[in-house]
There are 2 protein chains.
Amino acid sequence: MFPAVTIQPTDLFAALAHETRLRCLILLTRHPELCVCELTHAIGAVQPHVSRHLAQLRELGLVTDRREGLWIFYRVSPVLPDWVAAVLRETFDAVCGERPFVEDDRVLAQMPNRPGVPRCA
Amino acid sequence: MFPAVTIQPTDLFAALAHETRLRCLILLTRHPELCVCELTHAIGAVQPHVSRHLAQLRELGLVTDRREGLWIFYRVSPVLPDWVAAVLRETFDAVCGERPFVEDDRVLAQMPNRPGVPRCA
DNA sequence: GCTCAATATTCGTTCTAGGGTATGTTTCCA
DNA sequence: TGGAAACATACCCTAGAACGAATATTGAGC
């Protein structure tokens, strides 16, 4: 019932202050969960880059990960403190229509061979 | 009617990611306006330190300043974009009862010779 | 004019976050 | 058991942020 994590405000804002991390979080707000290769493809960065920033989000407790075969799926933590969830929502509502966040989602939608997405031709 | 400033999300979060700047903003959310010496006293830092960080908040458009004699009074900008104001409010509500923000306000309340505050003994 | 108070800025230094690349780990499959 | 795919981590290096201290600016008062 209680949030499982405690997040210092300056830590939260430092996490959101980096464009790669913010873009990942915005994508993860649009979608229930995404794997690293999807985030990497959507953002257009190299895999270690995305992986490193996802690790920071994970260490802070903003996202959780689960393994399924070769893929590791990330999602926004379901046990965020209320005010953190509120900040994320406000931010998402404000920027989801702006660049580069719209493009990220467009690029993701056109990604071929996405894991978890059935390939019904 | 329209917000006078445009603030990039990463810029906002970078500003909030520094404790000095966040403490100033929280104090300025509690009080309509405060001068530099009040903020300096409340936070317990040296004057150039506070001044430098206030300058960053001002350049971003998060706060405005007005001169009155020797003092320069800062206040939270009245023309913030809605989502920025919402993020600030959520953050304030979440942390205003925590350290070091409560102590900052206590120290400020006990400050002698505050400008603008009538000295009715 | 001079002096003091409040604030801002500059300068040189230190420190940490981030980038690029290479390599390690885990899992699946043949 | 060997290889390939997906992801994580380590290493070295660099650029930018922040600090401390000194100095500049602005305004009030005499």
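Predicted, not measured: the structure shown is a model, and the values here were computed from it. Every chain is numbered from 1, with letters handed out A, B, ... down the list of sequences.
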Rounded distance (Å) that lies between atom C1' of D:dC7 and atom CG of A:Leu34: 15 Å
Side-chain N or O of A:Gln56 closer than 4.0 Å to phosphate OP1/OP2 of C:dG18: yes
Sugar-phosphate, base or nothing in reach of A:Arg52, heavy atoms under 4.0 Å: base
Carboxylate-amine/guanidinium proximity below 4.0 Å for B:Arg21 and B:Glu19: no
Qualifying residue for side chain to side chain donor-acceptor pair (under 3.5 Å) with A:Asp104, from A:His41, A:Arg23, A:Arg30, A:Arg99: A:Arg23
Rounded interatomic separation in angstrom, taking NE2 from B:His18 and C1' from C:dA17: 14 Å
5'-most by nearest nucleotide on DNA chain C - A:Val46 or A:Glu68: A:Val46
Atom-pair distance (CZ on B:Phe73; C1' on C:dA6), nearest Å: 11 Å
Separation of C:dG19 C1' from A:Ile43 CD1 (nearest whole Å): 15 Å
Interatomic spacing from OG1 in B:Thr29 to CZ in B:Phe92 - rounded to 0.5 Å: 6.0 Å
B:Val36 vs A:Thr20, nearer the 5' end of DNA chain C by closest nucleotide: B:Val36
Under 4.0 angstrom between B:Arg21 side-chain N/O and D:dA18 OP1 or OP2: yes
Nearest-Å distance for atom pair CG/C1', residues A:Asp65 and D:dA6: 13 Å
Integer-rounded Å distance: C:dT27 P and A:Ile72 CD1: 9 Å
Gap separating the CZ atom of A:Arg114 from the CE atom of A:Met111, nearest 0.5 angstrom: 7.0 Å
Side-chain donor-acceptor contact under 3.5 Å, A:Thr10 with B:His18: no
Closest nucleotide among D:dA8, C:dA6, C:dT26 to the A:Arg67 side chain: C:dT26
Touch class at under 4.0 angstrom, heavy-atom based, for A:Tyr74 against every strand present: sugar-phosphate
Between C:dA5 (C1') and B:Trp71 (CH2): distance, integer Å: 9 Å
Value in whole Å for how far the P atom of C:dA5 lies from CD of B:Gln47: 14 Å
Short side-chain N/O contact from B:His53 to OP1 or OP2 of D:dC19, under 4.0 Å: yes
Any A:His49 side-chain nitrogen or oxygen under 4.0 Å from OP1 or OP2 of D:dT9: no
